[in-house]
Amino acid sequence: MKRLLVPVLVAAACTSGPQSKPVNEPAAGTAQAVPSPANPAGAATAATPSPAPPAAGQPAAPPAPPPGTSAAAQAKPSPANPAGAATAATPSPAPPAAGQPAAPPAPPPGTSAAAQAKPEPPAVDEGAMDKSVDPCTDFYQYACGSWMKKTRIPDDRARWTRSFSEINERNQALLHDILEKNARGEPDPADPYAQKVGDFYSTCMDEQKAETASLQTLQGELAKVDAIKDAKGLAREVARLQARGARAFFGFGSQQDFKDATKVIGGADQDGLGLPDRDYYLKDDAKMKELRALYESHVVEMLKLAGTGEGDAQKQAKTVMAIETALARASMDKVDRRDPNKVYHRIERAGLKKAAPHFLWDTYFTEIGAPGVQAINVVVPEFFTAMDKLIAQPARLNDVKTYLRWKTVEAAAPMLGKAFVEESFRLTKALTGAKAILPRWKRCVEMTDQALGEALGRSFVTTTLGDEGKAIAKEMIEGIEGAFARNLAQVDWMDDPARAASQDKLRKINNKVGYPDRWRDYSTMSIGKESLLANVAEAARFENQRDLNKIGKPVDRNEFGMTPPTVNAYYNPSMNEMVFPAGIMQPPFFKTDAPEAANYGGLGMVMGHELTHGFDDQGRQFDGSGNLNEWWSTNVSDAFKERAECVAKQYDGYTAVDDVKLNGHLTLGENIADIGGVKLALAALRQKRGGELDAKAEQDFFVAFAQGWCTNQRPEAARLQAQTNPHSTAQWRVNGPVSDNPDFAEAFSCQAGAAMAPQNRCTVW
């Protein structure tokens with residue numbers, strides 16, 4: 001669904017969780033799903049979050065770019081969670097100091113960005129290793145230490161990862177070359193929408209139009225907010241803003257019914273905050289107070305840029321903070337949201353009206369484009385009751401309009417002129433530590449991918465994933481599934497009925513590799529050449545309507561929740577499917593002629609990670625047909641929970657940065673998936689090799705796995721990730737899984753009791 005924040009369950013190159021689309025939630029500080037020159041999507045998050053549905057009314061944008069993108073902190077879905085996939089899987093070693101080289105400027109006209117991208121790294125890079133470190137003490141440092149010492153984080157990034165960031169750089173360079181050709185009007189036989197793609201990109205690249213035409217578009221939007229006179233006008237304007245990408249109060253979109261996965265219903269969810277999470281409004285520690293003060297000053301400056309006087313802007317910012325704080329208090333916390341039973345309330349349209357009687361829902365649904373919707377999951381009913389109190393008194397209409405003016409400006413800022421972009425980045429910088437704004441061409445590449453990703457993706461796949469690569473990847477997936485099936489027979493805490501049901505779910509998993517069988521039709525999207533903001537609003541309108549049109553219709557099992565160039569992957573429990581876009585199927589994760597040990601340690605682990613999401617603490621609650629259903633006995637469920645709690649406590653003890661620990665229950669699903677992913681990939685590789693590997697291949701497998709997570713991350717980004725992201729930071733995405741894997745200890749001859757070979761291991765699958 002569009003902005004249902006129901007977490008997807010997997011990340012890292014993955015996502016998992018009941019949702020309609022695997023999309024990461026926007027990172028802190030960025031209130032829009034569409035990245036903009038100021039805040040590229042994916043910017044600051046690092047690990048791959050499970051695909052969470054896009055925000056209400058926002059274009060179903062692909063997950064945020066891989067780690068290291070500069071924008072605010074958001075999490076990207078990805079199996080291994082590319083921490084940068086969108087969030088931050090950050091290494092424990094301190095990131096490089098500030099003042100690192102910024103990203104290169106756009107290549108001169110006529111030159112190829114792809115030609116300037118870094119060459120592909122070796123499958124297993126001995127030059128990245130620090131062999132002075134004992135692998136049994138700190139395997140992450142052993143595999144990545146030299147890379148971390150010599151790799152600087154670009155000024156415009158919050159983190160930099162050897163896999164996600166560098167693959168994303170190469171992908172962006174290829175996309176840049178395609179877009180430049182589209183903008184020049186050169187023929188593109190792969191893409192029937194090449195002109196729209198080129199017009200969107202060229203308008204984005206025209207900074208002067210952002211200063212003029214886009215600003216005029218914003219003023220027109222603000223005038224509509226100012227024109228609200230009554231409850232009817234309020235409901236219409238909230239719907240109109242959401243349909244154009246603003247996160248006003250709540251989100252609404254399509255969603256598979258958790259209890260009947262054959263049906264698509266409506267979903268209404270909490271939203272409306274400008275900071276990354278409810279805790280940023282409610283916690284009283286010094287850091288949170290500092291960020292709240294900065295955010296309030298940020299609102300002041302943005303409103304002033306939009307034409308509000310100094311005194312009024314100060315007052316209006318306090319109003320915004322009061323409303324957002326009230327919404328935060330009513331919001332469900334991120335750990336509770338991981339429980340699908342806590343975010344499923346089929347109270348329907350009638351129940352929504354009862355929860356928030358002062359909001360004119362009939363007017364809203366007509367305006368948003370879903371006039372007849374009745375079947376609705378109200379994710380957090382208490383949130384809507386609290387929202388109703390904010391709008392119930394006619395005397396508070398001006399305060400509500402002030403809030404909506406802010407949401408309008410907040411959503412538009414990335415598409416506006418230099419002053420807006422720089423002020424947006426001031427917040428991003430505080431949240432993520434990034435020191436410079438990405439070059440405009442990179443921001444525009446990301447925005448175009450968000451708006452027209454399955455048009456741009458057609459051209460992308462013709463130059464990347466070939467038939468041979470797709471065939472090898474499918475063979476690897478089948479091998480991973482075979483490893484899971486064999487392992488099921490060895491799981492001693494399951495009874496026979498649960499084992500049989502798990503085998504049935506495994507057989508029903510649908511695997512999607514590379515790109516959709518049917519491409520999206522963009523013929524009804526109208527792209528102009530004047531206002532970038534108008535084009536982004538049109539892209540959001542198109543996606544909003546496309547999403548709402550699903551309600552009441554059969555589930556589309558062909559759809560991809562990420563665009564083909566996305567460096568990520570995900571598992572969706574409601575669909576019982578794994579999806580691997582072409583973007584992630586590149587070195588160091590995968591290459592057709594790479595050693596098998598490297599491919600299985602890289603992409604194979606990602607595949608195993610995604611598969612395990614189907615049986616983690618969230619995914620296990622959905623049966624083989626995608627329905628939320630308790631299909632295990634009480635004894636089996638209790639045995640699973642006991643083992644999962646071991647994992648949660650293990651990761652609770654890991655430090656992300658400074659005095660900030662990981663949250664073992666927030667990251668539980670991803671950690672279970674990481675542990676399972678390594679185990680399954682190794683078992684599949686051994687099976688392919690006839691049952692066993694030589695010592696070097698075994699070690700190469702583990703090194704290739706670890707080097708996919710080599711990351712340097714700024715302290716601010718690591719803190720943000722630990723507080724908001726379902727993926728653990730990079731060091732623990734490596735050291736946690738190998739310490740729980742007895743095959744690792746054997747491969748590296750670790751003595752029992754070593755850090756990577758503890759006496760008591762946590763074993764779920």
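- Here the CG-OG1 distance, from L662 to T655, works out to 8.0 Å after rounding to the nearest 0.5 Å.
- For the pair F139 and V133, the minimum side-chain heavy-atom distance is 4.5 Å or more.
- Considering NZ of K508 and CE of M575, their distance stands at 14.5 Å, rounded to 0.5 Å.
- Looking at residues two or more places apart in sequence or on another chain, you find a side chain to side chain donor-acceptor pair (under 3.5 Å) between D134 and T137.
- Using a 4.0 Å cut-off between charged nitrogen and carboxylate oxygen, E475 and K688 count as a salt-bridge pair.
- When side chains are defined from C-beta on, W765 counts as touching N487, because their heavy atoms get closer than 4.5 Å.
- In this structure, a donor-acceptor pair under 3.5 Å is absent between the side chains of H613 and Q618.
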Ignoring hydrogens and angles, write down the donor-acceptor pairs under 3.5 Å from the side chains of residues 585-593, residues two or more places apart or on other chains.
from : atom 1 : to   : atom 2 : distance (Å)
Q586 : NE2    : N171 : OD1    : 2.8
Q586 : NE2    : G583 : O      : 3.1
K591 : NZ     : E120 : OE1    : 2.9

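- Every side chain to side chain donor-acceptor pair (under 3.5 Å) that R689 has, sequence neighbours left out, goes to E596.
- Nearest heavy atoms, G736 versus Y654: CA-OH, 3.8 Å.
- Contacts of A755 classified as side chain to side chain contact (heavy atoms under 4.5 Å, CB included), with partners at least two apart in sequence or in another chain: none.
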Evaluate the criterion side chain to side chain contact (heavy atoms under 4.5 Å, CB included) for residue pair E670 and H609; output intermediate values, then yes/no. CA-CA 8 Å; E670 298 302 327; H609 172 104; 3.0 Å; yes

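- Under the 4.0 Å criterion applied to side-chain N and carboxylate O atoms, D177 and K181 are not assigned as salt-bridge partners.
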Would you please test E166 and W160 for side chain to side chain contact (heavy atoms under 4.5 Å, CB included) and show each step? CA-CA 8 Å; E166 294 187 6; W160 193 257; 3.5 Å; yes

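- Within the 3.5 Å criterion, the main-chain N or O of T667 finds a donor-acceptor partner in the side chain of N671.
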Tell me which donor-acceptor pairs under 3.5 Å the side chains of residues 121-131 have, and how far apart each pair is, sequence neighbours excluded?
from : atom 1 : to   : atom 2 : distance (Å)
D125 : OD1    : G127 : N      : 2.9
E126 : OE1    : K131 : NZ     : 3.1
D130 : OD1    : S132 : N      : 3.1
D130 : OD1    : S132 : OG     : 2.5
D130 : OD2    : K149 : NZ     : 3.4

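- For F705 and F702, the ring centers are positioned 6.0 Å apart or more.
- Closest heavy-atom contact between R486 and G479: NH2-O, 4.5 Å.
- Applying the ring pair (Phe, Tyr, Trp, His ring centres under 6.0 Å) test to W147 and every residue at least two apart in sequence or in another chain returns nothing.
- Residues passing the side chain to side chain donor-acceptor pair (under 3.5 Å) test with D652, sequence neighbours excluded: none.
- Residues M605 and G601 approach most closely at CB-O, 3.4 Å, considering heavy atoms.
- Residues D616 and Y571 have side chains not in contact (no heavy-atom distance under 4.5 Å, counting atoms from C-beta outward).
- Here A757 pairs with A745, C750, A754, R761 under the side chain to side chain contact (heavy atoms under 4.5 Å, CB included) rule; sequence neighbours left out.
- The NZ atom of K505 sits 5.5 Å away from the CZ atom of F615 when rounded to the nearest 0.5 Å.
- Residues I675 and P737 have side chains in contact (heavy-atom distance under 4.5 Å, counting atoms from C-beta outward).
- By the 4.5 Å heavy-atom criterion applied to side chains, Y142 and D138 are not counted as neighbours.
- Summarising the local packing, CG of D517 is surrounded by 12 or fewer heavy atoms from other residues, nucleotides or ligands at distances under 6.0 Å.
- Inspection of the S739 and N735 side chains reveals no N or O donor paired with an N or O acceptor under 3.5 Å.
- R643 meets the side chain to side chain contact (heavy atoms under 4.5 Å, CB included) test with D492, W493, A639, V764; sequence neighbours excluded.
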Using the rule given for side chain to side chain contact (heavy atoms under 4.5 Å, CB included), can you reason through T151 versus R162, listing the C-alpha separation, both sets of side-chain angles and the distance that settles it, and then say yes or no? CA-CA 9 Å; T151 303; R162 181 177 175 271; over 6 Å; no

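- The distance from atom CG of N712 to atom SG of C144, rounded to the nearest 0.5 Å, is 9.5 Å.
- With a 4.5 Å cut-off on side-chain heavy atoms, E481 and N511 count as touching.
- Between the side chain of D700 and the backbone N or O of A597, no donor-acceptor pair lies under 3.5 Å.
- Between the side chain of Y651 and the backbone N or O of S728, no donor-acceptor pair lies under 3.5 Å.
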Contacts table for residues 454-468: side-chain donor-acceptor under 3.5 angstrom, sequence neighbours left out:
from : atom 1 : to   : atom 2 : distance (Å)
E454 : OE1    : R520 : N      : 3.0
E454 : OE2    : R520 : NH2    : 3.4
S459 : OG     : D188 : OD1    : 3.1
S459 : OG     : D188 : OD2    : 2.7
T462 : OG1    : S459 : O      : 2.6
T463 : OG1    : F460 : O      : 3.0
T464 : OG1    : F460 : O      : 3.1

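- Shown here for S502 and M494, the closest heavy-atom pair between the two residues is OG-CE, 3.2 Å.
- Each salt bridge (charged side-chain N to carboxylate O under 4.0 Å, His left out) pair with one or both residues in residues 736-760, not counting sequence neighbours, appears once here: R686-D743.
- By the 4.5 Å heavy-atom criterion applied to side chains, Q731 and M148 are not counted as neighbours.
- In this structure, T448 OG1 and L175 CG are separated by 9.0 Å, a value rounded to the nearest 0.5 Å.
- Residue K470 qualifies as enclosed at atom NZ: its count of foreign heavy atoms under 6.0 Å is above 12.
- Listed by chain and number, the residues in a side chain to side chain donor-acceptor pair (under 3.5 Å) with T612 amount to none (sequence neighbours excluded).
- Counting heavy atoms from C-beta on, the side chains of V579 and M562 never come closer than 4.5 Å.
- The closest donor-acceptor contact from the side chain of Q699 to the backbone of A747 lies under 3.5 Å.
- For L438 against E446, the heavy-atom pair with the smallest separation is CD1-OE2, 4.1 Å.
- Formation of a donor-acceptor pair under 3.5 Å by the R507 side chain with backbone atoms of G624 is not found in this model.
- Annotation for Y515: atom OH does not count as buried by contact number, only 12 or fewer foreign heavy atoms lying within 6.0 Å.
- The main-chain N or O of T432 is never found under 3.5 Å from a side-chain atom of R714 such that the two would form a donor-acceptor pair.
- Closest approach of A684 to Y600, counting heavy atoms only: CB-CE2, 3.9 Å.
- Between the OG1 atom in T161 and the CD1 atom in I167 there is a gap of 10.0 Å [rounded to 0.5 Å].
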